[in-house]
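Please read the structure below before turning to the comments.
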Amino acid sequence: MTSRAEYAVLACADAWRDNGEVLASPMGTVPSIGARLARLTFSPDLLLTDGEALLVGPDGRVEGWLPYRQHLALATGGRRHVMMGASQLDRFGNQNISCIGDWERPTRQLLGVRGAPVNTLNNPTSYWVPQHSRRVFVERVDMVCGVGYDSAAAAGPSATRYHRIPRVVSNLGVFDFATPDHSMRLASVHPGVTVEEVLDATGFELARPDEVPYTREPTAEELRLIREVIDPQGLRDREVPA
């Protein structure tokens, strides 16, 4: 039986489908497994990094050197696809990882803005949310760190040139922005999850088709790679429990 974590891995991997030779920058256990799965199957040209200065293969073996200037060239030219986390996400894909509450007196201090604006304005950026709830999927983020579609449009052509949010993956389903106004749409639910569960756990109105499909099933080879090659220790299940 395919676990919820494995559906999430598969959905993350599909974010890099047909991306070609771009740098995959996954943040989190499930996205990292997904990027390696994509590289081993349908996206063999993906570039994986150790997060510091090296290009590596799916098994972690060094494939080459990635000097900082080369990394910047990829990052600022649209040739990187990041999958970040989010403390808050709104209907247009604005992301917050900096603080909760009013900027003048926040109730919680988080990571800080970090590289979120640069990521979202310069290369495709997807998101991974391991615990889908109304605390994360909010009507309006308390601070814009990752730039959403409405914010990019308001900033003008310089902000929209490389801006794209291919998908959001959570422990409940998959979401995209394939709507006329680029508002978030429920693209699929993971098997075992109902549409009502997703709607109840989301703090804004989600666009959705009349019939919401299930997230696709993995092939036997994809399951073998996940379980035996990429993550035999089962780290995925710690991030998304059964």
Side-chain angles (χ1 to χ4, degrees), residues 8 11-12 14-16 19 24-28 30-31 34 75-78 80-189 198-208:
C12 288
D14 278 340
W16 285 285
N19 274 197
S25 295
M27 302 177 188
V30 165
T76 58
R80 180 175 67 157
H81 184 168
V82 182
M83 183 169 282
M84 300 176 64
S87 300
Q88 292 181 325
L89 271 176
D90 68 23
R91 69 173 68 242
F92 293 108
N94 294 291
Q95 170 243 36
N96 177 25
I97 52 172
S98 184
C99 64
I100 301 299
D102 184 75
W103 168 252
E104 297 294 330
R105 195 176 181 85
T107 59
R108 293 287 187 276
Q109 177 65 54
L110 306 176
L111 288 173
V113 175
R114 309 292 289 259
V118 175
N119 289 343
T120 49
L121 293 183
N122 288 282
N123 46 245
T125 302
S126 293
Y127 292 104
W128 160 241
V129 179
Q131 295 183 7
H132 191 125
S133 75
R134 287 176 174 261
R135 295 179 64 182
V136 179
F137 289 80
V138 296
E139 182 67 37
R140 184 180 180 87
V141 298
D142 292 337
M143 179 179 177
V144 175
C145 300
V147 179
Y149 279 100
D150 59 339
S151 298
S158 63
T160 58
R161 182 181 180 187
Y162 294 120
H163 179 269
R164 186 165 66 90
I165 307 174
R167 66 172 44 192
V168 175
V169 180
S170 81
N171 61 314
L172 299 183
V174 181
F175 310 82
D176 60 26
F177 298 87
T179 55
D181 62 350
H182 290 300
S183 59
M184 194 181 295
R185 180 184 76 119
L186 176 57
S188 72
V189 293
V198 176
L199 299 181
D200 287 344
T202 304
F204 53 84
E205 186 175 350
L206 276 169
R208 60 189 186 278

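Note that the structure is a prediction, hence the values are computed from the model and not measured.
Pairs of residues two or more places apart, or lying in two chains, that qualify as ring-ring contact (aromatic ring centres under 6.0 Å, His included) and include a residue from residues 80-113 are W16-H81.
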Kindly indicate, with the supporting measurements, whether the criterion side-chain contact (heavy atoms from CB on, under 4.5 Å) is fulfilled by T202 and M184. CA-CA 11 Å; T202 304; M184 194 181 295; over 6 Å; no

With side-chain contact (heavy atoms from CB on, under 4.5 Å) as the test, would you mind laying out the steps for V174 and R167 before giving the verdict? CA-CA 7 Å; V174 181; R167 66 172 44 192; 3.8 Å; yes

Does the side-chain contact (heavy atoms from CB on, under 4.5 Å) test come out yes or no for Q95 and T125, once each step is laid out? CA-CA 11 Å; Q95 170 243 36; T125 302; over 6 Å; no

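The closest side-chain heavy-atom distance from M83 to Y127 is not below 4.5 Å. Residues R208 and L199 are in side-chain contact: their nearest non-hydrogen atoms beyond the backbone lie under 4.5 Å apart. Within the 4.5 Å cutoff, side-chain heavy atoms of F137 are placed close to those of H132. Taking 4.5 Å as the limit, every side-chain heavy atom of D150 sits out of range of all side-chain heavy atoms of H182. In this structure, the side chains of L89 and F175 stay at 4.5 Å or more apart for every pair of heavy atoms. Contact check for Q131 versus V136: no side-chain heavy atoms found under the 4.5 Å cut-off.
V147 approaches A152 most closely through the heavy-atom pair CG1-N, 3.5 Å. Contact between C99 and D142 at its shortest, heavy atoms only, is O-CB, 3.9 Å. Listed here is the closest heavy atom pair of A155 and S158: O-OG, 4.3 Å. The two residues M27 and P31 make their nearest non-hydrogen contact at O-CG, 3.6 Å. Across all their heavy atoms, V168 and F177 have their closest contact at CG2-CE1, 4.0 Å.
Under a 4.0 Å N-O distance rule, the pair D176/R185 qualifies as a salt bridge.
Between atom CG of residue L111 and atom OG of residue S87 there is a gap of 6.5 Å, rounded to the nearest 0.5 Å. One distance of note links CG of L206 with CZ of R91; it measures 8.0 Å at 0.5 Å rounding. With rounding to the nearest 0.5 angstrom, the CD atom of E139 is 12.0 Å from the CD atom of Q88. Note: R108 CZ to I100 CD1 = 9.0 Å, rounded to the nearest 0.5 Å. Considering CD1 of I165 and OG1 of T120, their distance stands at 7.5 Å, rounded to 0.5 Å.
Checked against N123 for a side chain to side chain contact (heavy atoms under 4.5 Å, CB included), the options R80, R164, H163 give a single hit: R80. A side chain to side chain contact (heavy atoms under 4.5 Å, CB included) with C145 is found for one member of N94, N119, I97 and no other, namely I97.
A donor atom on one side chain and an acceptor atom on the other are found under 3.5 Å apart for T179 and D181.
For R161, the CZ atom counts as loosely surrounded, since its 6.0 Å shell holds 12 or fewer non-hydrogen atoms of other residues, nucleotides or ligands.
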